[in-house]
Q: 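Got a structure here, written out as structure tokens. Questions coming.
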Amino acid sequence: MTALRVPGDKSIAHRAVMFAALAEGTSRIGNVPDGLDVRSTQSAMRALGAVMGRDDAGVLVVEGRAGAFASPAGAIDCGNSGTTMRLLAGLLATRAIDVTLTGDASLQSRPMRRVAGPLAAFGARIDLSGTGTAPMRVRGNPHAQGADVAVTVASAQVKSALLLAALGAHGRTQLSGELATRDHTERLLRSFGVAVDSNGGRLAINGPAALRATDLDVPGDISSAAFLFAAAAAVPGASVTVDDVGLNPTRSAFLDVLRRFGASVEIAPKAGGAEPRGSVTVRGAPLSGIAIEPAEVPGLIDELPLVGVLGGFARGTTTVRGAGELRVKESDRIEAFAAAARALGIAVETAPDGFAVHGPAQWHDGDVVTHHDHRIAMAFSVAARAAGVRIRLDDPDCAAVSFPGFAAALEAAL
Ligand code: S3P
């Protein structure tokens, strides 16, 4: 079977676009995905003054502003993208900018105190709604001093917002606490010439830090490839290969999870680059239920709906614990998962911080309410295809947030 490719990694692309816009000089970024979330970041950086566009080969060419952003006339719309809003809040918190960040109904219901609170350490003024949500008005403090901040939520978005604020602050910023989340910000800042010290479980940056333009190529998104891997894993005898997919160890825990379920996973790493990448082949097999423990959750956060779906194909019980963060994603992914699972015949129980699935499911056709959440829509499209049942999604188009072309890719995979 021919190898597939998936769109470029969304997490990496958001950061690459922001850092290129912040850098001095022209950066060229290959394989920027065309999903709506990364488009939100591109238009936000344009609103602040950066100039960017794709060349004939599709490479995104970004003329950086060397940090000299101007306050836009109107609000910046971050669409559905939590990463755009939270990272931007950090980036602007230590600059002479006054701007309001808004988003769609889902984004405007997500918690923003987790960034607004710690960013106060830099003297930024950040106004939220009474319930701690966007619209978020950020009035940055260009005279900010470096600060020691403890990160209390295991969220790469919170950690990254603070690192981006540190770039504009005067003196040393040191972060401690919950830092064991995806490390794309740390890796990419180094690619843009910023010294990010990591030792003794802490992260530190000396500001103000200037970014140097660079060229880079975004690997395929492992969180998108995960849908194709899960489809193959669920069907004994099926197999799928995805080439040039990101293999950053803070993102690849799902591959180990597939093995624990009983699928076969072969990895062929490719040399070079700030972000590990390679080719991955997954082969399906009869699956058995597994337990995901709280310490594993940050490395799997976006794949947990798929873990639940695979639980429907596995013999025995599959449990996820310590994943209360799922309740504040693009939807409440515990309730959205459970309702959709039941609609297709999966037996599921929910808890405040996770769920248990008793497999194998009694599969049948069903209607799935996506809550406009791309990962719910794709996880249950995989379930239906692998189980051979029919699914009606209320919003099949929402996959375009992260994976334009998902339906065709799933068809090619299985
Ligand atoms: C992301 C971090 C994760 C993840 C999201 C992207 C990022 O969110 O769920 O899809 O790019 O930093 P949290 O930081 O809220 O865990």
Side-chain angles (χ1 to χ4, degrees), residues 7-19 32-33 35-38 40-41 44 78-91 103 106-107 109-118 132-134 151-164 175 177-189 203 218-219 221-227 246 248 250-254 275 294-307 320 322-334 336-337 353 373-376 378-379 398-399 401-403:
D9 189 282
K10 177 162 86 79
S11 271
I12 296 174
H14 281 302
R15 289 157 171 86
V17 169
M18 284 187 191
F19 299 170
V32 172
L36 301 180
D37 272 7
V38 176
S40 293
T41 291
C78 302
N80 190 242
S81 176
T83 307
T84 306
M85 183 175 282
R86 294 192 177 117
L87 268 58
L88 213 47
L91 180 57
S106 155
L107 186 52
S109 69
R110 297 180 65 186
M112 293 298 151
R113 283 191 186 119
R114 56 180 57 201
V115 284
T133 56
V151 177
T152 56
V153 192
S155 157
Q157 294 177 354
V158 173
K159 171 179 70 176
S160 300
L162 290 162
L163 290 173
L164 299 195
L175 306 186
E178 303 272 5
L179 303 177
T181 49
R182 63 187 69 191
D183 64 357
H184 304 305
T185 298
E186 297 89 307
R187 285 172 186 263
L188 279 183
L189 280 177
L203 284 171
V218 178
D221 196 326
I222 191 166
S223 296
S224 297
F227 294 101
N248 180 316
T250 63
R251 292 283 301 284
S252 58
F254 187 64
E275 287 284 351
E296 300 180 78
V297 164
L300 277 174
I301 188 72
D302 293 336
E303 285 68 67
L304 290 174
L306 272 179
V307 169
V320 172
E325 276 291 302
L326 285 179
R327 294 204 179 269
V328 291
K329 292 294 176 188
E330 286 84 329
S331 68
D332 175 340
R333 283 190 180 152
I334 293 178
F337 165 75
D353 68 339
D373 182 334
H374 55 133
R375 297 202 197 278
I376 294 295
M378 291 189 280
C398 63
V401 157
S402 61
F403 196 162

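Keep in mind that what you see is a predicted model, and the values were worked out from it rather than measured. Indexing begins at 1, ligand by ligand and atom by atom, following the structure's order.
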Q: To the nearest 0.1 Å, how far is atom 14 (O) of ligand 1 from its closest protein heavy atom, and which atom is that?
A: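 It is S155 OG, 2.7 Å.
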Q: Answer yes or no: is there an ion pair linking R251 with E303, defined by an N-O contact shorter than 4.0 Å?
A: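 No, no charged N to carboxylate O under 4.0 Å.
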Q: Strictly below 4.0 Å, N to O, side chains only: are D302 and R182 in salt-bridge contact?
A: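 Judged by the 4.0 Å cut-off on N to carboxylate O distance, D302 and R182 do form a salt bridge.
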Q: Nearest protein heavy atom to atom 10 (O) of ligand 1, by residue and atom, and its distance?
A: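 The closest one turns out to be D302 OD2, 2.9 Å.
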Q: Quick check: does E325 get an N/O under 3.5 Å from an N/O on ligand 1?
A: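 It does not: no N or O of E325 is found under 3.5 Å from an N or O of ligand 1.
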Q: Among all protein heavy atoms in this structure, tell me which lies nearest to atom 11 (O) of ligand 1, with the distance rounded to 0.1 Å.
A: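 Heavy-atom neighbour on the protein nearest atom 11 (O) of ligand 1: S11 OG, 2.6 Å.
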Q: When you compare ligand 1 with A156, is there at least one nitrogen or oxygen pair between them that comes in under 3.5 angstrom?
A: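 Yes, there is a polar N/O contact under 3.5 Å.
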Q: Testing the 3.5 Å rule here: is there a donor-acceptor pair between the side chains of T152 and E178?
A: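 No, E178 and T152 have no side-chain donor paired with an acceptor closer than 3.5 Å.
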Q: With heavy atoms of I301 as the reference, note each atom of ligand 1 found under 4.0 Å away.
A: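 Counting from 1, the qualifying ligand atoms are 9 (O).
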Q: Please determine whether any non-hydrogen atom of R15 lies less than 4.0 Å from an atom of ligand 1.
A: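 Contact check R15 vs ligand 1: positive.
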Q: Going by the closest heavy atom to atom 16 (O) of ligand 1, which one wins out of R114, Q157, K10, K329?
A: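 Among R114, Q157, K10, K329, the closest heavy atom to atom 16 (O) of ligand 1 comes from K329.
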Q: Decide side chain to side chain contact (heavy atoms under 4.5 Å, CB included) for L87 and M18; before the verdict, give the C-alpha distance in whole Å, the side-chain angles of both, and the deciding distance to 0.1 Å.
A: CA-CA 9 Å; L87 268 58; M18 284 187 191; 3.7 Å; yes
Q: May I ask you to check whether T84 and T41 show a side-chain donor-acceptor distance below 3.5 Å?
A: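 Yes, a side-chain donor-acceptor pair sits under 3.5 Å.
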Q: Side chains of T83 and Q157 only: does a donor on one sit below 3.5 Å from an acceptor on the other?
A: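 There is such a pair between these side chains.
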Q: So that I can tick it off, tell me whether R327 and D332 are bridged by a salt bridge, with the cut-off set at under 4.0 angstrom between side-chain N and carboxylate O.
A: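 A salt bridge is present here (some side-chain N lies under 4.0 Å from a carboxylate O).
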Q: At under 4.0 Å between heavy atoms, is it the side chain or the backbone of H184 that contacts ligand 1, or both, or neither?
A: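 Neither; nothing of H184 gets under 4.0 Å from ligand 1.
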Q: Number the atoms of ligand 1 from 1 as they appear, then name those within less than 4.0 Å of a heavy atom of T83, with their elements.
A: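 Every atom of ligand 1 under 4.0 Å from some heavy atom of T83: 1 (C), 6 (C), 7 (C), 11 (O).
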